[in-house]
Amino acid sequence: MSFFGGSRNGGGLNNERIEAAMHEMEMITDVFNRMVSSCHAKCVNTRYADAELSKGESVCVDRCIGKYFEANKLVGETLNSTAQAAGGGGMGSSPMGM
Amino acid sequence: MSFFGGSRNGGGLNNERIEAAMHEMEMITDVFNRMVSSCHAKCVNTRYADAELSKGESVCVDRCIGKYFEANKLVGETLNSTAQAAGGGGMGSSPMGM
Amino acid sequence: MSFFGGSRNGGGLNNERIEAAMHEMEMITDVFNRMVSSCHAKCVNTRYADAELSKGESVCVDRCIGKYFEANKLVGETLNSTAQAAGGGGMGSSPMGM
Amino acid sequence: MDMSGLSSAEQAQMVQIIEKKQMRDFMNLYSSLVERCFTSCCNDFTSRALSSKEEGCLKNCAEKFMKYSERAGARFAEENAEQMQKQQQK
Amino acid sequence: MDMSGLSSAEQAQMVQIIEKKQMRDFMNLYSSLVERCFTSCCNDFTSRALSSKEEGCLKNCAEKFMKYSERAGARFAEENAEQMQKQQQK
Amino acid sequence: MDMSGLSSAEQAQMVQIIEKKQMRDFMNLYSSLVERCFTSCCNDFTSRALSSKEEGCLKNCAEKFMKYSERAGARFAEENAEQMQKQQQK
């Protein structure tokens, strides 16, 4: 994309670090979008008789987001221990800052 | 991507404007692709006994595309009035040229 | 993205060819990802009572991947002959190296 | 899309950009079409080879999608032109 | 995201990048919202015009999604902050 | 992919590009895997914590997907090699 439009002219800028921060941001956005889509499917009634989140839906959303984080962590740990069992060193920590 | 591959050498080119035009083009493509996918699901029989669009399917497609535009407009207006009610100035017009 | 980050400074590098190779790589990844998703839906039991692919699932996966290649070829040929019938010259060969 | 606000050098560049984008969009269309038709047509994995029924289904699916896609594209262009005209009248 | 490792020039550039990304993300949110609401609300193609029932459904869908999205975003930020704190304590 | 048409400088650059792409692809695989397993395994929102049943399901899902993905990748590579060979014989 055009995200790095200005970065090539910039004297004294460390493109590597900006790229890394950018990369992290994209990753978090990706996880967030998938989580939004999953928890919408799990919790929100799509008959749309009105425009409000009901009490039940709101509680479901809160728990769903929390549970998604737990699932994210567990899947990361599982991949790491699988990679270690396969002889590699794993990925050190969970593959993302979340 | 590589869309702006040549744009950095170019003397006298206004990258901002090209970026904006590019951005608009990507947006329209995105809307178009989603519309194609939605109306295919709504109108096209996927048993594929033959290769022709039936009369009924064709009429459905025409109306579905038209209705998708109406839905797009209404959703844009709804977001604008929600944003205005929340104290902001809205987005001026529908967020896209369509 | 940042894939071409270094390519603009590079004396003597042929960006066109790198771009073409890059493009091909992206395309193959896209096909692969869609195939992985399709064959997972067709062959893998998602109750996840255990972590192993059963014998039946494994055989299904092998055939599914093979069949996906056949389908890919046939769809490519169909598009080509449709394009030729419409007066164009077709696309020469199947639109991808696979 | 209205390119009249761009200089001729910018327009030339846009044309090049658009060509690359069309190439990319076409590949994307192609791989999504294979996925779509495979999902609808192939459900028997007792054999690796395509059955004649699967072959017929895949061909019809691909041809029908191209016809659908052309029709949808034409309607989209019409609706888009109409809406731009309305906006300019405001 | 922790930007403290970046110089001020880098931070300024990041802000610009983030603004562009937010613009892009918003457009993406918008077009996916239209698709989502259209899929849920529009199922009658005996007419091109939206019925009043479809109109109501689309409005509710859009408003409800924005409320949902705000709530989900707030929870996400909380959970993310909590997890980063835990990681720093390790 | 055939890189023999590229110069050695170009090949070195490609390797770098490929490494970045693999990193990106891995992250993409990871986030799609979380989504996939969450969708299949988590359907009870009377509590925020994962039940032991959900935990088991998530672990199995992740491990099984990696095994599936390896197998699918190996078959893909075989089929791809075979097809390239056929095309060169033409």
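Order of the sequence lines fixes the chain letters, A, B, ..., with proteins taken first and strands second; residue numbering starts at 1 for each chain.
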- Which one of E/Cys37, E/Ser32, E/Cys61, E/Ala62 has the most heavy-atom pairs closer than 4.5 Å to chain B? E/Ser32
- Query: Taking C-beta and beyond as the side chain, do B/Glu26 and E/Arg24 meet within less than 4.5 Å on heavy atoms?
  - Reply: yes
- Quick one: closest heavy-atom pair of B/Lys67 and E/Ala49, and the distance? CE-O, 3.2 Å
- Rounded distance (nearest 0.5 Å) linking atom CD of E/Glu63 with atom OG of B/Ser81: 7.0 Å
- Message: Under 4.0 Å between a side-chain nitrogen and a carboxylate oxygen: does that hold for E/Lys59 and B/Glu77?
- Response: no
- Task: Return yes when atom CD of E/Gln16 has more than 12 non-hydrogen atoms of other residues, nucleotides or ligands closer than 6.0 Å, and no otherwise.
- Result: no
- Note on the structure: Rounded to the nearest 0.5 angstrom, the CE-CE distance for E/Met27 and B/Met27 is 4.0 Å
- Note on the structure: The reported gap from SG in B/Cys64 to CG in E/Asn43 (rounded to nearest 0.5 angstrom) is 9.5 Å
- Any E/Val34 side-chain heavy atom under 4.5 Å of B/Tyr68 side chain: yes
- Note on the structure: NZ of E/Lys20 to NE2 of B/His23, rounded to nearest 0.5 Å, is 10.0 Å
- Step-by-step side chain to side chain contact (heavy atoms under 4.5 Å, CB included) determination, E/Phe38 to B/Met35: CA-CA 9 Å; E/Phe38 185 80; B/Met35 188 202 69; over 6 Å; no
- Nearest atoms (heavy-atom pairs only) where B/Val75 meets E/Tyr30: CG1-CE1, 4.2 Å
- Query: Within a strict 4.5 Å, meaning less than it, do heavy atoms of the B/Thr78 and E/Leu58 side chains meet?
  - Reply: no
- Task: Please report the C-alpha distance between B/Leu74 and E/Leu50 in whole Å, then the side-chain angles of each, then the deciding distance to 0.1 Å, and finally whether the side chain to side chain contact (heavy atoms under 4.5 Å, CB included) criterion is met.
- Result: CA-CA 10 Å; B/Leu74 187 58; E/Leu50 291 168; 4.1 Å; yes
- Item | Close side-chain approach of B/Leu79 to E/Leu33, heavy-atom, < 4.5 Å | yes
- Minimum heavy-atom distance E/Thr39-B/Lys42, with the two atoms named: O-NZ, 2.8 Å
- Message: Give me the atom names and distance for the closest heavy-atom approach of B/Ser37 to E/Glu35.
- Response: OG-OE2, 4.2 Å
